[in-house]
Amino acid sequence: MAQKATGRPRPTTSRLEIGEHSIDRVEPKEHDDGTWWLTWTIRLTDGRTRRPRTKGRTKTEARRRAKDKAKELLAASRSDIWKVADDLVSYMEKVSKPAIETAKLATNSRDRYLLVYKLIVGGCLREDHKHSRSLKGHTIGTGTRFRALERCLVEIAELHGSETAHQARSVLGKYVLDQLIRDELIDASPIAGKRLDLAGSKGDTPTRGGVALSADEWNAVIDYLLALDPAEGIEPPKRGMYTLEDRIAVAANAIDLTLLQTMTGLRIGEATNVDPSMVTFDGDEMIFDLPPEITKTKKGRFVHVTDPAIVARFKPRWEIARAKGGPLIPSPAKPGVVWDQRQRNEAVKTLYLKMAEELDIPALETERSHVWRATLNTLTLGAGVPEAIRTAHLGHTAQVNRRSYTDTRDGAVLARKLSGLRTSKSTPKSTQSESSPVSPDEPS
DNA sequence: ACAACCGAGGATCGTGTTTC
DNA sequence: GAAACACGATCCTCGGTTGT
């Protein structure tokens with residue numbers, strides 16, 4: 001090998017370790033203009049070498065600048081290479097979280113996954129419990145052992161429910177463990193294919209839902225609502241731009257919305273998005289033709305209402321909405337637009353709490369509008385309505401062809417069964433405008 | 001596995017009234 | 001006439017459930 005012109009022994013050329021540089025090995029060279037150039041090598045964390053050249057007015061300055069540059073290069077490549085002893089949560093922040101953020105997911109799913117991601121890394125903000133089994137504090141080595149993962153997931157199941165735990169497992173699998181495999185830090189997912197008990201303590205006692213009212217309670221609610229004066233107990237606002245009428249309109253909205261739901265089991269989001277064009281009146285019957293875009297499942301369906309009192313109640317609403325535009329049960333203050341979820345839920349809550357007390361139905365303390373789905377399903381089950389009809393009516397089967405006559409007849413069957421169950425105390429109000437029963441959109 | 005919903009509630013906004 | 005007050009509207013976040 002050729003010796004340098006200086007005559008000094010050539011410095012070692014031993015292989016640089018990861019993160020090591022040759023700044024102190026090599027000798028700066030004086031350039032024509034009097035500056036000192038240092039050409040050095042560094043092995044980055046991913047194993048590749050870089051060969052930068054640094055300049056300075058003196059040898060020392062060139063070296064100092066080179067070392068700054070070396071630090072910079074190492075910091076930039078730091079995330080590429082991880083060791084088993086590295087902090088697992090740091091790895092997840094650097095690799096897993098961005099992977100979720102850039103994955104091809106619907107916004108809903110991404111948000112959900114980022115939420116459970118936080119649970120996994122011990123970022124739960126709840127103050128009434130602690131995640132002592134989160135992956136926080138674990139190294140990649142310890143945190144990827146079966147027991148550590150299992151404990152983390154079981155704890156999430158205990159504290160946040162089984163479905164959240166399942167989602168956490170998905171996130172762990174695809175965005176943590178799979179990434180670790182790709183970075184050659186583990187060979188395989190320790191929890192893949194393993195059975196984990198993620199039922200959680202609250203598994204069979206959901207905080208809300210799964211409760212059905214009895215037929216008596218159901219009837220009592222309907223009679224109560226039909227008789228209820230929306231103005232009852234409403235105080236006028238002390239100040240501000242809103243009027244007593246606005247407040248009454250809110251209460252009236254809640255009453256009618258609930259009435260509709262007691263009869264149809266419509267989801268609240270579906271019920272408040274119903275447009276008059278989706279409703280036709282056929283004699284004593286009111287038929288909702290729910291298009292896919294307003295249902296949760298994005299599948300349309302027909303829902304019939306035959307109770308005369310309810311139909312009579314909705315006829316004026318339908319006429320107003322059809323004339324002025326806007327949903328059947330619109331925003332109370334702005335009839336042209338959909339009722340805001342925040343306001344709507346507040347109004348519904350107020351009404352349900354009132355009913356819980358006045359009708360002595362404790363379930364309504366906690367249950368909200370979803371209770372009617374369970375109630376209708378249970379009651380009609382008891383009345384012998386086949387499951388296929390019930391599920392189609394409530395809109396949670398995939399196979400229903402919403403335009404078929406079958407579906408229509410199915411809906412009517414259920415509605416007739418319902419009216420058979422109904423023991424009305426209030427006499428149906430006459431529906432004067434029934435004289436023109438022809439639907440406006442379907443002149444057939 | 002992924003997607004979408006329901007319900008609760010905090011923070012802030014816009015617009016109006018009352019008070020001083 | 002400005003500050004204080006009132007209050008639904010709006011937006012956002014959280015967290016559990018429902019659905020394909």
Side-chain angles (χ1 to χ4, degrees), chain A residues 100 103-119 123-129 131 156-175 178 192 200-211 234-251 253 257 261 265-273 292-299 301 330-334 337-353 365-374 377 391 394-400:
Chain A
I100 298 171
K104 269 192 181 173
L105 291 168
T107 316
N108 278 326
S109 300
R110 186 178 2 263
D111 292 349
R112 198 74 187 99
Y113 284 3
L114 287 171
L115 190 90
V116 298
Y117 169 88
K118 271 171 57 178
L119 302 184
C124 179
L125 294 176
R126 288 272 289 265
E127 290 185 359
D128 51 341
H129 66 238
H131 289 247
I156 290 174
E158 288 290 325
L159 299 176
H160 293 269
S162 60
E163 189 48 42
T164 300
H166 280 133
Q167 289 159 348
R169 182 182 189 159
S170 299
V171 168
L172 268 180
K174 185 161 181 181
Y175 300 99
D178 191 53
S201 59
K202 50 173 81 170
D204 33 18
T205 55
T207 48
R208 176 177 280 125
V211 175
I234 307 286
E235 298 288 327
K238 294 187 191 70
R239 289 177 181 180
M241 69 193 104
Y242 296 95
T243 62
L244 177 62
E245 283 66 40
D246 289 330
R247 289 193 164 175
I248 295 173
V250 170
N253 254 13
L257 172 63
Q261 289 189 278
L266 254 54
R267 299 178 180 92
I268 192 167
E270 295 170 342
T272 50
N273 275 287
E293 58 268 22
I294 75 161
T295 69
K296 177 182 181 180
T297 58
K298 300 300 171 228
K299 293 193 170 61
R301 69 183 192 275
S331 163
K334 280 190 284 177
V337 302
V338 173
W339 200 4
D340 178 76
Q341 180 192 320
R342 182 72 177 86
Q343 312 304 117
R344 180 195 74 192
N345 292 349
E346 203 65 42
V348 166
K349 179 181 179 181
T350 305
L351 178 62
Y352 281 45
L353 293 180
E365 293 277 357
T366 50
E367 295 300 319
R368 293 294 179 263
S369 71
H370 240 53
V371 74
W372 307 115
R373 295 174 67 74
N377 192 45
T391 53
L394 295 171
H396 40 219
T397 29
Q399 304 85 348
V400 182

Taken in chain and number order and not counting sequence neighbours, the residues that satisfy ring pair (Phe, Tyr, Trp, His ring centres under 6.0 Å) with A/His166 are none
Find the distance [X]:[atom1] to [N]:[atom2] and express it as a whole number of Å.
| X | N | atom1 | atom2 | answer |
| --- | --- | --- | --- | --- |
| A/Arg169 | B/dC2 | CZ | P | 14 Å |
| A/Glu346 | C/dT10 | CD | C1' | 14 Å |
| A/Leu115 | B/dC2 | CG | C1' | 15 Å |
| A/Arg301 | C/dG19 | CZ | C1' | 13 Å |
| A/Asp340 | B/dC6 | CG | C1' | 14 Å |
| A/Gln167 | B/dA3 | CD | P | 12 Å |
| A/Asn273 | B/dC6 | CG | P | 9 Å |
| A/Ile100 | B/dA1 | CD1 | P | 13 Å |

Of the candidates C/dT10, B/dG7, B/dA1, the side chain of A/Asn345 sits closest to B/dG7
Checking C/dC14, B/dG7, C/dT17 against the side chain of A/Gln341 (C-beta onward), the nearest is B/dG7
For [N], does OP1 or OP2 lie under 4.0 Å from any side-chain N or O of [X]?
| X | N | answer |
| --- | --- | --- |
| A/Arg267 | C/dG19 | yes |
| A/Arg247 | C/dG8 | yes |
| A/His160 | C/dG15 | no |
| A/Lys174 | B/dC2 | yes |
| A/Thr164 | C/dT17 | no |
| A/Gln343 | C/dA9 | yes |

Tested for side chain to side chain contact (heavy atoms under 4.5 Å, CB included) against A/Ser369, the lone hit among A/Lys349, A/Arg344, A/Gln261, A/Arg267 is A/Gln261
**OP:** Using the side-chain contact (heavy atoms from CB on, under 4.5 Å) rule, take A/Trp372 and A/Leu266 through it: C-alpha gap first, then chi angles, then the decisive distance, then the call.
**Re:** CA-CA 8 Å; A/Trp372 307 115; A/Leu266 254 54; over 6 Å; no
- Do NZ/NE/NH1/NH2 and the carboxylate oxygens of A/Arg301 and A/Glu270 come within less than 4.0 Å? yes
Taking A/Asp340 for the side chain and A/Ser331 for the main chain, is one N or O donor matched with an acceptor at less than 3.5 Å? no
Sorted by position of nearest nucleotide on DNA chain C, 5' first, the leading residue of A/Ser331 and A/Leu119 is A/Ser331
Contacts of A/Arg112 and A/His166 projected onto DNA chain B by closest heavy atom; the upstream (5') one is A/His166
